[in-house]
Amino acid sequence: MNAYILKLEKGIVVKMNGNLYLVATPIGNLEDITLRALRVLKEVDLIAAEDTRNTLKLLNHFNIKKPLISNHRHNEEERENLLINKLKEGNNIAIVSDAGTPGISDPGEVLVKKAISENIKVIPIPGACAAINGLIASGLDTKEFVFLGFLPLNKKLRKEKLEEIRNETKTCIIYESPHKIKETLSNLKDIVGKRKIVVAREMTKIHEEFIRCNIEELIEKSDHLIGEIVLLIEGAEKKKKENILNNLSLEEHYKFYEKNGLDKKEIIKQIAKDRKVNKNEIYKYFIK
Ligand code: SAM
């Protein structure tokens with residue numbers, strides 16, 4: 001149905017692929033959609049949606065009429081060829097999920113990889129993402145963080161993930177569903193231990209709430225944890241220790257390790273490691 005888009009390249013007529021747009025949609029509040037996202041949704045030839053019924057509600061709200069095709073976790077691989085062929089025919093396609101940013105614990109990744117391998121242009125249209133919004137309002141360290149998505153259901157894999165969190169010095173972000181929250185908190189208590197935790201619940205919606213406490217305190221409040229939840233767990237102690245040390249002058253940093261019985265060579269090596277610099281730099285500083 002769609003005509004191939006043609007362009008002239010060095011005097012030769014070549015067929016042009018359509019673009020693949022990854023369009024972020026609101027995670028609750030419908031005002032959280034960008035003007036660009038609305039324009040792209042209006043202009044593309046086809047929208048590949050995680051759940052066409054949900055996307056239809058969004059499109060109706062903004063008075064957008066567009067052909068929809070389902071593209072969810074269970075058919076993403078089989079949809080791949082069909083969507084790639086359509087892109088190669090010159091159709092512009094938008095991927096949307098039920099809420100937030102496609103490809104983040106949502107369909108998108110498979111098609112993006114394939115599109116790139118087929119030289120199809122992939123264009124992100126930024127917008128809401130629960131993980132990032134939970135993080136920025138959490139009050140935990142935002143300089144570096146680890147996003148882990150949903151914890152695995154398989155017991156062994158789940159335990160491994162939780163151990164990863166225990167050893168991680170960066171803020172960890174996980175997605176959780178309300179009916180698993182109690183189990184997850186109990187696992188976190190057993191494996192991760194005492195740590196600051198933040199619940200970012202129902203963000204951008206009427207009952208938006210941030211609970212900032214430690215894992216044990218949160219267990220006591222867990223009956224009340226309904227709706228959509230992002231859990232943010234403070235990084236392990238080492239990070240804080242390093243941060244404190246890195247805020248000292250180099251001389252004070254040196255003295256800290258000297259008091260701990262390290263010799264000069266070990267101290268220089270350790271300072272360089274803490275500050276993530278070459279040990280020669282630290283060495284030269286102290287020679288001066
Ligand atoms: N792609 C989405 C994004 O960019 O955030 C995430 C999709 S994932 C299938 C759904 C999970 O995101 C929920 O289980 C919850 O953990 C989190 N989430 C989505 N909307 C949220 C909201 N309004 N408040 C808190 N968490 C939310």
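For reference, positions follow the sequence shown, starting with 1. Counting convention: from 1, in listed order, for ligands and their atoms alike.
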R36 bridged to E43 by N-O distance under 4.0 Å: no
NZ (K121) with more than 12 external heavy atoms under 6.0 Å: no
Parallel, tilted or perpendicular: ring planes of Y175 versus F147, cut at 30 and 60 degrees: perpendicular
Closest protein heavy atom (residue, atom, distance) for atom 3 (C) of ligand 1: Y175 OH, 3.5 Å
Whether over 12 other heavy atoms sit under 6.0 Å from K221 NZ: yes
Those atoms of ligand 1 less than 4.0 Å from some heavy atom in I104: 1 (N), 2 (C), 6 (C), 7 (C)
Region of E202 engaging ligand 1 - heavy atom pairs below 4.0 Å: backbone
Taking atom 26 (N) of ligand 1 as the reference point, the nearest protein heavy atom with its distance: V230 CG2, 3.4 Å
Salt bridge K205-E228, side-chain N to carboxylate O under 4.0 Å: yes
Numbering as shown, the atoms of ligand 1 that approach E176 to under 4.0 Å (heavy-atom distance): 14 (O), 16 (O)
K66, NZ atom: more than 12 neighbouring heavy atoms under 6.0 Å: yes
E118 with K114: basic N within carboxylate O range, under 4.0 Å: yes
T204, any N or O under 3.5 Å of ligand 1 N or O: no
Top protein contact for atom 22 (C) of ligand 1, by heavy-atom distance: M203 N, 3.6 Å
Check: A131 N/O within less than 3.5 Å of ligand 1 N/O: no
Atoms in ligand 1 flagged as close to G100, the criterion being non-hydrogen separation under 4.0 Å: 3 (C), 4 (O)
Under-4.0 Å heavy-atom contact with ligand 1, by part of P102 that carries it: neither
Under-4.0 Å salt bridge between R201 and E209: yes
Pairing of E164 and K161 as salt bridge, 4.0 angstrom limit: yes
Electrostatic pair K143:D141 at N-O distance under 4.0 angstrom: no
L46-V96 co-clustered via ILVMFWY side chain contacts under 4.5 Å: no
Ligand 1 N/O within reach of A130 N/O, cut-off under 3.5 Å: yes
Other residues, nucleotides, ligands: >12 heavy atoms within 6.0 Å of I226 CD1: no
Contact check, A200 vs ligand 1, heavy-atom distance below 4.0 Å: yes
Nearest-neighbour protein heavy atom for atom 13 (C) of ligand 1, which is reported as residue plus atom name and distance: E228 OE1, 3.5 Å
Within 6.0 Å of CD in E31, more than 12 heavy atoms from elsewhere: no
Within-cut-off N or O pair, T101 and ligand 1, under 3.5 Å: yes
Atom 11 (C) of ligand 1: nearest protein contact (heavy atom, Å): F150 CZ, 3.7 Å
For ligand 1, the portion of I27 having any non-hydrogen atom under 4.0 Å away: both
For ligand 1, the portion of I229 having any non-hydrogen atom under 4.0 Å away: backbone
Residue part near ligand 1, for A24, under 4.0 Å between non-hydrogen atoms: neither
Those atoms of ligand 1 less than 4.0 Å from some heavy atom in K205: 23 (N)
Test of proximity, D106 against ligand 1: N or O pairs below 3.5 Å: yes
Closest approach of any protein heavy atom to atom 2 (C) of ligand 1, naming residue and atom: A99 O, 3.2 Å
